[in-house]
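Have a look at the structure below, then the notes.
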There are 2 protein chains.
Amino acid sequence: MKYTLNQGRELSSQIAEAIREAIMNGSLLVDERLPSEGELCDRFEVSRSTVREALKRLAAQNLIRTQRGATGGAFVNRISFEDAYPQQITTSTLLLSMNEVSFETACEARFAVERACVPLSAARCQPDHMATMRAEIHRQEQIGLSDESFCASDVAFHKALVEGAGNPVLTYQLASAIESMQPLMNMITFSKRDRAKIVDLHRKIADGIASGNADIVDKGLSELADYSVTLADQVRLQRAAKKQETAKA
Amino acid sequence: MKYTLNQGRELSSQIAEAIREAIMNGSLLVDERLPSEGELCDRFEVSRSTVREALKRLAAQNLIRTQRGATGGAFVNRISFEDAYPQQITTSTLLLSMNEVSFETACEARFAVERACVPLSAARCQPDHMATMRAEIHRQEQIGLSDESFCASDVAFHKALVEGAGNPVLTYQLASAIESMQPLMNMITFSKRDRAKIVDLHRKIADGIASGNADIVDKGLSELADYSVTLADQVRLQRAAKKQETAKA
DNA sequence: ATATTTTAATTGTCAGACATTTAACTTTAT
DNA sequence: ATAAAGTTAAATGTCTGACAATTAAAATAT
C-alpha cells in the first residue's frame, strides 16, 4: 500500500477515504486490526491529531471500533443490521424533514415500499409476527391512548408486517423507510373516528396475512395510504383555519 | 441548553451525540452556524481536540460542513438526496458483504423492493426514463461488452425503472437498495445465452411500462429474479467443480 | 500453582503553538 | 470618490509534546 495525499481537501478526510476504500475493497477484513495511531502517523506522514480525526470519521460510520489498552487499537467492524438501522433512519428522517418533501410524496413512497413485502409476508405468515400485529391492534383500540403512542403502535404493527416476510435484508430496507416517516405521522392528530377506521384496516390487513391472501392485504394498504393523506390534508386545513383566526384576533 | 457529560463513553462521542440531537429535534436549523470550536470548548469544558473529533464525527455523517476563514465555522448541512445516496449504498453494500447474506436472500429482497415501484412507473411512464431503458437494452446487446459493463448497464436499466415512478423518496430508497447489490451481481459471469435471456426480459419489462401494464412488468421482474438465482447457482457449482479439479491436480 | 504487582502498549484528553484561509477593514494610488 | 492593494482578525487545519486511563501480558511474590 502506498499513500499519496495530494488534493486540497483536509488531510483527515483523505486518510479516512483511503482507509474506507481499503475496507470496501477487502484489503482490510472484518475484525482485522488497523495499524496503531502512531504507525498511521508514519505511513501518512501526518500528526496524530490528524490521524485521530480520520479514525473518528470512520467510527461515526460504524466502519471501525476502537479499544484501549495493550492489545487495543482500531478494528474493522462487522456492520450489523442493528448498527445500520439507526444510521439509515437518521439519514432518511433528516432527508424528509430538511427537503420539503410533501406528506403525499413521502406517504406514497412509504406504502409503495411496504407493499413490496406483502406477497412474501402472506405466503410465510409467521405466528410470532402475527401475534405482534394482533397485540398492536388491541393496543390501538384502548381509549385514552396518546397520539404519540398510537403512532408508535402503528409503526410497530407495520414493522411486524414487514418482518413477516422473513427476509432480513428486506426488513432492514423497509423498516427503516417506515420508521423514518414517524415524525411526519406524529404531526397528525387522530380523532376517535379516525382511529376506528385505521384499526379496521389494520385488522383487514392482519386477516389477509393470516389467510395468505396477498390481494386483500394490498388493498388494505392502499386504502390506508389514501386515508393517511386525507387525514393529513384535514390537519393542514385545520391549522390554516386556526392561523387565520389567530391573525384576526 | 445545558450539557452534562457523564457516562464512560468517550467525550467526543457524547458531544457529537448532543449536537446531533440538537439537529434532529430542530434546535439547530439548516445552515445555522454552530458555536466556534473555542466556544464549544468552553461550553462542554473540554479541549479543542475533543471538540474537533466530535465535529469530524458529525461531518462524516454529512450533518455539518465546515468553512475556514473569518466568517467560517461549522454549519448545519441540508442533507440532499445526492449526499444520502452514497452513504446509504456504502452501508448496505458492507452489510451484504460482511454478514454472509445469501445471494438468494439478497436477490429476493432486491426484486421485492423493486416491484414496489411498478404500479407507479407503469402509470406515469415518463419519456426520459423510457429512453434510458431502451438505450441500456441496446447497450446490453452489444457483443464484446465486459461482464462489469453489462452489470453496470443492468443497474442503470433498473435505476431508470424506479426513477420512472417519479417519486424522489422512492427513488432514493429503491435505487440504493439496487445499487448495493452490484458487487454481488458482478460475481456472476454471463454467457451469451444468459445475456440474451436477460435482455429479452428487460425488453418485456420496458414494453410493459410503455403500455402501462403493471402485471407484465411484475411478471418480468419475477422471472428475472428467478433467473438470477439460477445463474448464481450455476456459478457456484462451476466454482465448486473447478476447486475440486484443482485439488485433484 | 496461584495471586499480586509491574510493565508496556495503546487510545483518550489536554495545552499551546503555528499555518492557512477568508472576509472585512484600512490604506493608498489614481 | 473610487478602485486597488495591503492589513488585520477570526476561524479552521495541522503539528508537537505531554499526561491520563485502560488493558493484556509479563514478572514477581506467596
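Below, chain A is the first sequence line, B the second, and so on; all start at residue 1. Bear in mind the structure is a predicted one, so any value in this text is a computation, not a measurement.
- For A/Ser12, no side-chain nitrogen or oxygen approaches OP1 or OP2 of D/dG13 to under 4.0 Å.
- A side chain to side chain contact (heavy atoms under 4.5 Å, CB included) with B/Leu55 is found for one member of B/Thr50, B/Thr66, B/Leu34 and no other, namely B/Leu34.
- Looking at heavy-atom distances under 4.0 Å, B/Ser49 makes contact with a base.
- For the OP1/OP2 pair of D/dA11 and a distance below 4.0 Å, the side-chain nitrogens and oxygens of B/Arg33 include at least one atom meeting the criterion.
- The shortest distance between the side-chain N/O atoms of A/Thr71 and the OP1/OP2 oxygens of D/dA24 is not below 4.0 Å.
- Rounded to a whole Å, the CG atom of A/Leu11 is 11 Å from the P atom of D/dG13.
- Residues A/Glu45 and B/Gly38 both approach DNA chain D. Their nearest nucleotides, taken by heavy-atom distance, put B/Gly38 toward the 5′ side.
- Taking the ring axis of A/Tyr172 as reference, the NZ or CZ atom of A/Lys159 does not stay both within 45° of it and closer than 6.0 Å to the ring centre.
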Where do B/Arg139 and B/Glu136 land on the salt bridge (Lys or Arg N to Asp or Glu O under 4.0 Å) test, with the steps shown first? CA-CA 5 Å; B/Arg139 186 201 310 274; B/Glu136 294 300 338; 3.0 Å; yes
Going through the checks in order, is the salt bridge (Lys or Arg N to Asp or Glu O under 4.0 Å) test met by B/Glu17 and B/Arg57? CA-CA 9 Å; B/Glu17 182 81 16; B/Arg57 292 179 122 105; over 6 Å; no
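- Between A/Lys56 and C/dG12 there is a side-chain N or O to OP1 or OP2 distance below 4.0 Å.
- Considering only side-chain atoms of B/Arg68, the nucleotide from C/dT21, C/dC14, D/dA21 that sits closest is C/dT21.
- At least one side-chain nitrogen or oxygen of B/Thr66 sits closer than 4.0 Å to the OP1 or OP2 atom of D/dG13.
- For B/Ser47, counting side-chain heavy atoms from C-beta on, the closest listed nucleotide (C/dA8, C/dT13, C/dT22) is C/dT13.
- With distances taken from any side-chain atom of A/Thr50 to the nucleotides D/dG13, C/dG12, D/dC15, the minimum falls on D/dC15.
- Note: CZ (A/Arg48) to P (D/dG13) measures 19 Å, nearest angstrom.
- An OP1 or OP2 oxygen of C/dT11 is reached within less than 4.0 angstrom by no side-chain nitrogen or oxygen of A/Arg52.
- Rounding to whole angstrom units, CZ of residue B/Arg9 and P of D/dT22 are separated by 16 Å.
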